[in-house]
Amino acid sequence: SPPELPADPMVSMIERVAMDPNLPIERLSALMDMRERQMDKEAEQAFNQAFSAAMAEMPDVPRTGHNKHLGNKYSTLDDLIRATRPVLARHGLSLNWQSAMTGAEITVTAIVRHAQGHSIQTTLSGQRDNGKQMNHLQGGGSTESYLKRYSGFGILGLSSGDEKDDDGNSSKATVTAEQY
């Protein structure tokens with residue numbers, strides 16, 4: 001049998017207070033809300049500790065994908081999952097996605113969850129890929145995979161090494177004297 005954990009003082013107090021038949025229900029409800037906020041804060045602290053430890057162990061994500069148009073290699077969604085899943089699992093974390101479609105727009109939400117219940121999420125959206133070589137379903141799948149890959153890298157704070165940084169040299173934006 002598992003070892004008995006020490007009684008939580010907050011739970012003990014709620015039990016004592018709940019036994020009083022003269023207690024207004026609003027007070028009991030307020031105590032329950034306070035306990036829920038305390039548990040949420042503890043779960044958030046555990047998440048932050050686990051997430052920090054996992055990020056310190058995160059390996060470089062390999063680049064096994066090959067872009068035929070640009071001739072460069074990139075990290076695929078599979079690369080991201082295979083590289084990060086074992087580290088996340090060791091720390092009670094998981095990464096998954098929820099997808100939605102509105103017309104031609106696909107929205108993907110990446111969610112990192114902790115075993116104690118706290119989670120963080122980020123959302124990206126984009127238009128369905130209408131590439132010449134793809135049918136309607138393939139275009140949707142292509143866009144969804146792309147959004148999962150980038151939202152996964154983003155929420156984990158990782159770089160796939162395939163981002164180009166040219167110090168803003170490719171930007172078409174200009175700043176006027178008034179804006180400066």
Side-chain angles (χ1 to χ4, degrees), residues 33 36-37 39-41 43-48 50-52 54-55 57-176 178-180:
D33 289 346
E36 189 173 324
R37 286 191 308 273
M39 290 172 59
D40 288 346
K41 188 65 176 170
E44 181 181 6
Q45 290 170 340
F47 173 92
N48 290 339
F51 192 79
S52 175
M55 294 306 94
E57 293 178 22
M58 229 17 106
D60 290 336
V61 178
R63 291 186 273 168
T64 65
H66 182 73
N67 184 322
K68 296 173 193 164
H69 302 291
L70 300 176
N72 63 334
K73 291 186 143 289
Y74 66 94
S75 297
T76 66
L77 177 59
D78 190 51
D79 293 335
L80 172 69
I81 292 169
R82 287 177 191 265
T84 61
R85 183 176 284 159
V87 177
L88 292 171
R90 271 196 304 277
H91 295 280
L93 298 164
S94 64
L95 169 64
N96 70 330
W97 293 266
Q98 291 179 343
S99 302
M101 190 177 323
T102 307
E105 184 168 271
I106 297 173
T107 300
V108 169
T109 300
I111 306 164
V112 176
R113 290 183 169 88
H114 186 256
Q116 289 188 15
H118 187 75
S119 65
I120 59 172
Q121 62 185 40
T122 189
T123 300
L124 293 176
S125 296
Q127 295 294 310
R128 176 192 318 274
D129 188 348
N130 292 322
K132 295 176 187 174
Q133 305 297 321
M134 291 185 237
N135 67 36
H136 192 69
L137 290 174
Q138 290 169 324
S142 172
T143 300
E144 184 176 4
S145 292
Y146 182 88
L147 293 170
K148 283 180 176 181
R149 182 165 59 102
Y150 277 94
S151 63
F153 273 101
I155 199 164
L156 296 176
L158 301 175
S159 168
S160 65
D162 57 345
E163 295 85 7
K164 301 257 187 272
D165 183 358
D166 64 359
D167 287 332
N169 289 323
S170 67
S171 174
K172 305 275 189 258
T174 57
V175 178
T176 66
E178 292 81 24
Q179 290 171 321
Y180 179 74

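Keep in mind that the numbers below use all heavy atoms, side chains included, and drop hydrogens, waters and symmetry copies.
- Atom CG of Asp40 has more than 12 neighbouring heavy atoms from other residues, nucleotides or ligands inside a 6.0 Å radius.
- Proximity of a side-chain donor or acceptor of His114 to a complementary backbone N or O of Gln116 within less than 3.5 Å is detected.
- Ser142 and Asp129 get closest at one heavy-atom pair: OG-OD2, 3.3 Å.
- Using modelled atom types, one side-chain atom of Ser145 and one backbone atom of Gly141 make a donor-acceptor pair closer than 3.5 Å.
- Here the OG1 atom belonging to Thr64 is positioned 6.5 Å from the NZ atom belonging to Lys73, to the nearest 0.5 angstrom.
- Put simply, the side chain of Leu88 reaches to within 4.5 Å of the side chain of Met58, judged on heavy atoms.
- The shortest distance between side-chain heavy atoms of Val108 and Ser99 falls below 4.5 Å.
- Of the inter-residue distances, the one linking Leu93 atom CG with Ser119 atom OG reads 11.0 Å to the nearest 0.5 angstrom.
- Scanning both residues, Tyr74 and His66, for their nearest heavy atoms gives CE2-N, 3.5 Å.
- Taking each heavy atom of Lys148 and Leu80 in turn, the nearest pair found is O-CD2, 4.5 Å.
- The two residues Arg128 and Gly103 have their closest heavy-atom pair at NH2-O, 3.7 Å.
- Side-chain contact between Asn48 and Glu44: present, with at least one pair of heavy atoms (C-beta onward) separated by less than 4.5 Å.
- Counting heavy atoms from C-beta outward, Gln127 and Thr143 have side chains that stay 4.5 Å or more apart.
- At a threshold of 4.5 Å between non-hydrogen side-chain atoms, the residues Gln133 and Gln138 do not count as touching.
- Once rounded to the nearest 0.5 Å, the distance linking NE2 of His91 with CD of Glu57 reads 3.5 Å.
- Note: Leu124 CG to Ile106 CD1 = 12.5 Å, rounded to the nearest 0.5 Å.
- Within the 4.5 Å cutoff, the side chain of Ser151 has heavy atoms near those of the Thr122 side chain.
- Interatomic distance, Ile155 CD1 to Phe51 CZ, rounded to the nearest 0.5 Å: 7.0 Å.
- For the pair Leu156/Met55, a side-chain contact is recorded, criterion being any heavy-atom separation below 4.5 Å from C-beta on.
- Smallest separation of non-hydrogen atoms from Gly126 and Leu147: N-CD1, 3.8 Å.
- Minimum interatomic distance between Ser75 and Phe153 (heavy atoms only, all atoms of both residues): CB-CZ, 3.6 Å.
- Remark: Asp79 CG to Arg63 CZ distance equals 10.0 Å, nearest 0.5 Å.
- Annotation: side chain of Phe47 is in contact with side chain of Ile120 (closest heavy-atom distance under 4.5 Å).
- Remark: Arg90 CZ is packed, more than 12 non-hydrogen atoms of other residues, nucleotides or ligands lying under 6.0 Å away.
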